[in-house]
Amino acid sequence: MDEMKFFRRILSPTLAEIVEWTGAKPAPDVDLAQTIVDVAPLDRARPGDLVFLDNPKYVGQLAQTRATACLIGEKYADRAPKGVAALVVREPYRACALVTARLYPDAARPGSLFDAHGVSPGANVHPSALLEAGVIVDPGAVIGPRAEIGAGAVIGPNAVIGPDVRIGRMSAVGAGATVCNALIGDRVIVHSGVRIGQDGFGFAMSPRGHLKVPQIGRVIIQDDVEIGANSTIDRGANRDTIIGEGTKIDNLVQIAHNVVIGRHCVIVSQVGISGSTELGDFVVAGGQAGITGHLRIGMGAQIAAQSGVMADVDPGAKIGGSPAKNARDWLKGVAALDRMVKRGAGRPE
């Protein structure tokens, strides 16, 4: 029985086409008329497959691969085994992603889970909602009053789009997601179970009890943002929560009210960002990092996994630990503590 696949390949390109798409430089004597039928990892590839090598950890697998061609950096090009066409590129991983998107376009963003076209009979679309041409709405989805959905967008089953929400063209909202009080740009991907635009965690604390503060802001999500499954983005309290263009948010991330995230940031799973904190462009936050409120994280800063960030971070800084500090100092401290423990091992109490 053939291996089951959930995405359908639509092309079988030649190496010449792959060279054109990626800007790769083929090694001498490569037959550019050869056809590629799939992409695969190095250790599972078969004749007809395209592979890539980007991480030196897998150089050993290159020698054993049965692939037809390999997207590879110049540093390792001469290690490609006989019979494997070396296609030299600056960024092999990125080049392979470009090829994979051509072969499997349905895998690039969530599509209809019901193979629907247009509005499914089981969907609930308010009469005042405006849907441009080519919008797909799966069964069970709810689109509220005055909502506007751009051309080519997909709204998954049981997703809820609240009143007055705007969703841009070619965007996708996954199954069971909720989007309220939000303006969303073009080509945004909202994966299953995401919650956007709910109340922020705002209370006026008092010995007499905690008074709820009405949250009257919005969520603004710019173009080409991707939000992983079951992440939550609270609406602003008295200003907007903003996610900048091209930012990628992993699964299970919490973003609190009034947070501003710059362009092309990467926020890894289980990060929590407290209210009114601002991240500059190209910030990276590793998994389970916690960032307290009202901070400024400078452009290009990198935050190690499980860090506890309690103070402003300079642009370009690399920090780690809890409380977070300069990454080099943090690692030196960890090493020093390890040496102290080892020296003390075996001593009588």
Side-chain angles (χ1 to χ4, degrees), residues 124 126 128-129 140-148 155-156 158-167 173-185 188 190-222 225 227-244 247 249-262 265 267 269-279 283 285 288-297 303 307-312 322-323:
N124 294 280
H126 194 275
S128 65
V142 174
I143 300 180
R146 302 172 302 281
E148 296 183 9
I155 309 300
N158 297 323
V160 176
I161 310 301
D164 301 299
V165 165
R166 303 290 188 269
I167 296 177
V173 177
T178 59
V179 182
C180 298
N181 309 296
L183 306 177
I184 294 179
V188 170
V190 176
H191 284 282
S192 300
V194 167
R195 302 288 181 252
I196 296 174
Q198 61 283 340
D199 280 13
F201 191 65
F203 298 88
M205 305 296 187
S206 168
R208 295 176 293 169
H210 308 316
L211 179 65
K212 184 176 181 64
V213 177
Q215 308 286 291
I216 60 174
R218 308 173 296 180
V219 176
I220 309 295
I221 298 176
Q222 296 178 358
V225 169
I227 303 167
N230 295 315
S231 290
T232 56
I233 303 176
D234 296 341
R235 70 177 182 265
N238 53 9
R239 60 183 71 205
D240 294 330
T241 302
I242 301 173
I243 312 297
T247 284
I249 298 170
D250 200 357
N251 304 332
L252 297 168
V253 169
Q254 158 64 12
I255 298 172
H257 60 198
N258 298 351
V259 166
V260 176
I261 295 178
C265 293
I267 314 296
S269 182
Q270 298 186 355
V271 165
I273 305 176
S274 298
S276 299
T277 283
E278 296 185 9
L279 278 63
V283 168
Q288 296 186 333
I291 305 174
T292 195
H294 303 276
L295 299 184
R296 302 295 179 266
I297 311 299
I303 301 169
S307 296
V309 183
M310 304 176 189
D312 291 349
S322 185

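On a predicted model such as this, the values are computed, not experimentally measured, just so you know.
- Counting heavy atoms from C-beta outward, Ile297 and Val309 have side chains that approach closer than 4.5 Å.
- Under a 4.0 Å N-O distance rule, the pair Asp234/Arg195 does not qualify as a salt bridge.
- Side chain of Thr241 to main chain of Gly236: a donor-acceptor pair is present (N/O by atom type, distance under 3.5 Å, no hydrogens or angles).
- In this structure, Asp240 and Val219 have side chains that are not in contact, with every pair of non-hydrogen atoms separated by 4.5 Å or more.
- A heavy-atom distance below 4.5 Å is found between the side chains of Val173 and Ile167.
- A donor-acceptor contact shorter than 3.5 Å links the side chain of Thr277 to the backbone of Thr292.
- The only option from Ile221, Val253, Ile243, Ile184 that meets the side-chain contact (heavy atoms from CB on, under 4.5 Å) definition with Ile227 turns out to be Ile221.
- At a threshold of 4.5 Å between non-hydrogen side-chain atoms, the residues Val160 and Val179 do not count as touching.
- The side-chain hydrogen bond (donor to acceptor under 3.5 Å, both in side chains) test applied to Arg146 returns Asp164, not counting sequence neighbours.
- Side-chain contact between Ile255 and Val271: absent, with no pair of heavy atoms (C-beta onward) separated by less than 4.5 Å.
- Looking at Ile303 and Ile291, their side chains come closer than 4.5 Å, going by heavy atoms from C-beta outward.
- Val213 places none of its side-chain heavy atoms less than 4.5 Å from the side chain of Leu211.
- Between atom CZ of residue Arg166 and atom CD1 of residue Ile161 there is a gap of 12.5 Å, rounded to the nearest 0.5 Å.
- Among the candidates His257, Arg235, Gln198, the single residue satisfying the side-chain hydrogen bond (donor to acceptor under 3.5 Å, both in side chains) test with Gln215 is His257.
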